[in-house]
Amino acid sequence: MSLSDNIAIQIKNLGKKYYLKSSESWALKNIDLSIETGTALGIVGHNGAGKSTLLKILSGLTKPSTGSFKYRGSLTSLLEVGTGFHPDLSGIENIYLSAALNGMNRKKIQKKLSQIIEFSGISENYIYQPIKHYSSGMKVRLGFSVAAHLDSDILIVDEILAVGDRSFQEKCFRNMEFQINQNGRTVIFVSHNLFALKQLCPKAILLEQGELTQFGDSKKICETYIRNSTNAVNPIDLSKRKDRKGSGKVRITKVKWKTEILETGKPAILHIAYEGVEDLKDFNIKISINGEDGRFLSPLSMHSNNFRPTVLPASGDIEIRIEKLPWMKGKYYADIRAIERGIVCDDLRVAYKFEVHGGHYIEGGDEFNSKKNGVFIPHEWNFPK
Amino acid sequence: MSKKIHSVSSTDSFLSLRNYDFKKVYSVAYAFARRDLQLRYVQTRLGWFWSIGQPLLAAGLILIVFSWIVKIQAPDGIDYSIYAFASLPSWLLMQQIILQGSPSLVHNQHIISKVAFPRQALPLSKVLVGLLDFGVASVMYYVFRGVKLGVWDFMVFDFLFYSSCTIFAALGVTYWIAAISTRFRDWLAILPLLIQGLFLLSPIAYPSSRFNSSLGENIWVLYLNPMVAISDGFRSLWLKTELWNENIYISFIMVFLLFVSGFIAIRYAENKMVDTL
């Protein structure tokens, strides 16, 4: 039962085996890792690389098939915001329920109740109302407020910073920073938002097909992650990718610029091919264009553009035409999702990586020099009248 | 650094109680029980009246069917209603725990897949809720007996003993069904039938002296039902009837066996639940 003083979690040879239709597959293999007390560790990897399995084992939801781990103090995992909330209960009652589920006792909750309510920003009139009357944003805020006030030594956080509106997200982010730097918590953090992950976690690990392939500086790990995934992706067609989420009714099989060389300010056409089994109603494709550092920059979405064909064939092609390419010189990557009638059919992270060679956004204008990724917006300069 | 070091290993036995923390089990069960109570009479017309109304209706039904229609008589010239209702609160408690506790894991699978709380807390929370109703029904019977017979004595120790037997037996059955149903939900489909069978096989609406059937020497088989000991126990407590016969100890042993085996079953299922549910 020994554990060096400065170590919060020590993992030895951890593995998890699942049986799928009588064949066995390893979701996680040979994980060895030590995490120091008071630090944040990021976990990076594709869907299906074993991130969730690792979190499930560490949080005690499931047993490992091989190996063991030790940890010091109490451990709480937040795999979702607002788990256990009941629509017929009031905000206050839900705070008690959710916090109790996560291992806090009533007295401690009572002490922190006013802080929790204040953090959530939910007004006096609403906090005593059943949460079925809340907006989805309010529910999420309440859920995160409870999570932020749990007082365990180790926190396991899965993708929950992607909730709420922009300002609340920033509040949550600052709260996480505070938890690590001021309260000395140890945090394990999983997110597809590589930008947030890099800011929060100095160190990270990369999981690939259930194995820990790299451990080190989080900036380098994120770069490797993007490079590996896109290098592996771009040459082959997307239908071979296995790391997808969604119902599978439709699969995106191709994303590619028709334009050979992309230049800022010049026209470009993005070609998308998809395959499904039956006609698609109320279909939407959402693409996120992210910078090299993982920061989200621009959305490309059928519905956001008010492009709503009533019926689409089961399989087909679609094109996006951009009159003046807005992105500055640099490397970008795209996440893509297909949604039919509100149900996510396909979800592919880092589906496509591309490079924009600089150029003038405005005819005759200078090129704006920056090492970072950026987006031009049309604007005018005038003298006040 | 005096914080406790926890360790989890693939070789941990599910029987090991090293990471077992009863305080935590209880505090989570309490939170679930509170939730159930708060939600209990949402959108009903009569609200909390049902805490009294439910046992009253159950008692009325038994009286009509078994006394007026089937004409069952209580032994030793005791009034039938006094005799039958003596064990009714314990049966209602048993029924409530089993009916609500058994599907509690399957019904809350979303929470189970996201939060690592002790799973036994879910069935256990139904005990806490059930005890409230049991208390109300017991007080009602106490007053009923007092008014009818003019007897107002109350044996605390015996009452606690038989109540605990009810809880342990009900928890045993509930743990078993809850654990198995995480893999085979068939058990939830036959649950109402199980309850009905248990009611018919238990001496609640009739005295256990009517067990003298065609079973002959094999009559002990009927005493494998823990509800026999509980029902006769409560009658001996309230009405001073004779409890002990040559087979009743089997029933008491079954209470113990059911609880211990059920506890082991749910500990076993707890480890695999997230993968199988």
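Below, read A as the first sequence line, B as the second, and so on, with proteins coming before strands; counting in each chain starts at 1. Because only heavy atoms are used, hydrogens play no part in the values below, and waters and symmetry mates are left out as well, while side chains stay in. For clarity, every value in this text was computed on a predicted model and none was experimentally measured.
For the atom pair OG of B:S7 and CZ of A:R72, the computed distance is 13.0 Å after rounding to the nearest 0.5 Å. Put simply, NZ on A:K70 and CD1 on B:I5 are 7.5 Å apart, with the number rounded to the nearest 0.5 Å.
Every residue two or more places apart in sequence or in another chain that forms a salt bridge (Lys or Arg N to Asp or Glu O under 4.0 Å) with A:E24 is listed here: A:K17.
A donor-acceptor pair is defined here as one N or O able to donate and one able to accept, closer than 3.5 Å; such a pair exists between the side chain of B:S10 and the backbone of A:G67. Using modelled atom types, no side-chain atom of B:H6 and backbone atom of A:S74 make a donor-acceptor pair closer than 3.5 Å.
Crowding of A:K132 atom NZ: a count of heavy atoms from other residues, nucleotides or ligands under 6.0 Å exceeding 12. Open room surrounds CD on A:E124; 12 or fewer heavy atoms of other groups in view lie less than 6.0 Å from it. No more than 12 heavy atoms of other residues, nucleotides or ligands sit less than 6.0 Å from atom OH of A:Y126. Counted within 6.0 Å of CH2 on B:W187, heavy atoms from surrounding residues, nucleotides or ligands total 12 or fewer; the atom is thus considered open. Heavy-atom neighbours of B:F256 CZ from other residues, nucleotides or ligands within 6.0 Å: at or below the threshold of 12. Within a 6.0 Å radius of OH in A:Y18, more than 12 heavy atoms belonging to other residues, nucleotides or ligands are found.
Heavy-atom neighbours of chain B within the stretch residues 92-101 of chain A, taken at a separation under 4.5 angstrom, comprise A:E93, A:L97, A:A100, A:L101. Residues of residues 54-63 of chain A placed with any heavy atom under 4.5 Å of a heavy atom in chain B are listed by number as A:K56, A:S59, A:G60, A:L61, A:T62, A:K63. Interface with chain A: from residues 28-39 of chain B, residues B:V28, B:Y30, B:A31, B:F32, B:R34, B:R35, B:Q38, B:L39 qualify, criterion being any non-hydrogen pair under 4.5 Å.
Only the side chain of B:K24 comes within less than 4.5 Å of a heavy atom in chain A; its backbone stays farther off. Contact annotation for A:K16: only side-chain heavy atoms (C-beta onward) come within less than 4.5 Å of a heavy atom of chain B. Looking at A:N105, neither its backbone nor its side chain comes within 4.5 Å of chain B, counting heavy atoms on both sides. Proximity to chain B (any heavy atom under 4.5 Å) is restricted, for A:D153, to the side chain, taken from C-beta onward.
Ranked by heavy-atom pairs shorter than 4.5 Å toward chain A, the options B:K23, B:K114, B:R119 are led by B:K114. Taking chain A as the reference chain and counting heavy-atom pairs below 4.5 Å, the highest number among B:A116, B:A121, B:S113 is found for B:A116.
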* **Verdict with reasoning, B:H110 to A:E80, per side chain to side chain contact (heavy atoms under 4.5 Å, CB included)** => CA-CA 11 Å; B:H110 179 71; A:E80 190 183 67; 2.9 Å; yes
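Considering only heavy atoms from C-beta on, B:V8 stays 4.5 Å or farther from A:S68 through its side chain.
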